[in-house]
*Asks:* 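Have a look at this one before I ask anything.
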Amino acid sequence: SIAGITWDVDLYGYCVMSPDGTGSSLTISQGINQAVLDGVDVINMSLGGPIGVGTDREVEDALQNALDKNVTIVTSAGNCGNIPKGQYPNNPNCFWGNDADKYMPGSHPDTISVTALGPQNQHPSYANTGRSIDISAPGGNPTGGSSTCKLDGSDCIYSTWDRYKSCPASGAPSGYCPLSGTSMATPHVTAIVAMIKSINKTLSPREVLNLINSSGHDLGNFDFDPIFGYGRVDAYKAVQLALGGVDPTPTTTGTPTLTPTGTTGTPSPSVPPTCQQARMRGDYNCDGTINIVDLDRKSTRLNSSHTVI
């Protein structure tokens with residue numbers, strides 16, 4: 001069996017993609033809208049597509065409908081890190097290369113965009129980067145994609161799998177498969193959001209987004225950076241903040257070992273608990289006031305030419 005992160009929750013599945021992993025704006029938007037009608041609290045979207053390449057407003061409208069109904073949406077940042085920009089039609093799903101800001105739904109300012117980490121806090125070479133990245137979570141970092149994952153899953157994420165379909169890592173037990181990708185990282189955050197919503201169902205999607213980012217364990221440059229976002233997701237801190245408690249004292253960690261397959265994040269100095277609480281309220285620069293400088297934390301990271309369609 002595989003250990004989960006949360007418990008006592010109802011899981012709903014919506015088939016919006018074909019067996020080969022492709023989908024349309026219509027089926028994706030229908031899935032989102034149906035989930036809203038079913039009363040879900042959080043939607044996991046381990047999928048994405050390039051802005052401006054065969055897309056329309058259907059998905060955007062469905063996302064906004066969900067957000068307006070107080071549904072939090074967690075999205076994957078994408079796995080185009082090794083694909084050069086502009087290779088359409090050879091790689092249509094990676095038209096913009098590794099620029100996370102050019103893919104939907106992850107670049108939407110009110111979704112939680114998740115990138116991947118390797119077991120040593122490495123940034124995998126496959127993972128997209130950009131100012132729309134919010135948080136990092138375990139996604140695996142094998143040497144050459146999911147087909148090279150170790151059978152014990154130590155460098156990937158052991159996942160449930162179609163028992164009638166061959167796993168990329170030959171020799172995995174039936175029904176399971178070690179996989180890597182931002183799609184594997186995203187459900188970690190979704191489960192933590194489910195815990196947060198179980199504590200306080202009234203929290204808005206933007207408040208949940210702020211809470212997840214405020215409680216992240218900083219990696220890379222201090223505070224936010226386009227590789228790790230606000231750092232590695234921290235379930236304990238996030239739940240503590242949701243409960244209104246004081247941010248727990250962080251433990252000291254060593255500097256992760258660098259590997260040739262990606263950038264490794266060195267934990268940065270921790271933000272003081274009082275500042276953590278201020279950020280939860282929306283005071284991102286911790287100056288005691290909430291004003292225009294603090295507003296639209298994520299939107300202001302996107303350049304002025306960013307277009308959402």
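Just so it is clear, the values below take in all heavy atoms, side chains as well, and ignore hydrogens, waters and symmetry mates. We're numbering straight along the sequence, starting at 1.
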*Asks:* CG of Asn213 to CD1 of Ile135: how many Å apart, nearest 0.5 Å?
*Replies:* 5.0 Å

*Asks:* Rounded at 0.5 Å granularity, tell me how far OG in Ser132 sits from NE2 in His108.
*Replies:* 12.0 Å

*Asks:* For Thr22 and Ser18, which I'm curious about, is there any donor-acceptor pair between the side chains at under 3.5 Å?
*Replies:* yes

*Asks:* Quick one: do the Thr186 and Ser183 side chains pair a donor with an acceptor below 3.5 Å?
*Replies:* no

*Asks:* Rounded to the nearest 0.5 Å, how far apart are CG of Leu219 and CG of Asp225?
*Replies:* 8.0 Å

*Asks:* Under a plain distance cut-off of 3.5 Å, with no hydrogens placed, do Ser46 and Asn44 share a side-chain donor-acceptor pair?
*Replies:* yes

*Asks:* What distance do Leu241 atom CG and Asn210 atom CG have between them, rounded to the nearest 0.5 Å?
*Replies:* 11.0 Å

*Asks:* Are Ser107 and Asp101 linked by a side-chain donor-acceptor pair shorter than 3.5 Å?
*Replies:* no

*Asks:* Who else is in the cluster with Met184 when I, L, V, M, F, W and Y are joined by side-chain contacts under 4.5 Å?
*Replies:* Ile157, Trp161, Leu179

*Asks:* Under a 3.5 Å threshold, yes or no: a donor from one side chain and an acceptor from the other, between Asp38 and Tyr14?
*Replies:* yes

*Asks:* Could you grab the distance from atom CD of Gln34 to atom CD1 of Ile32, nearest 0.5 Å is fine?
*Replies:* 12.0 Å

*Asks:* Ring-plane angle category for Phe228 and His123, please: parallel below 30°, perpendicular beyond 60°, tilted otherwise.
*Replies:* perpendicular

*Asks:* How about Ser113 and Asp134: does a side-chain donor come under 3.5 Å of a side-chain acceptor?
*Replies:* no

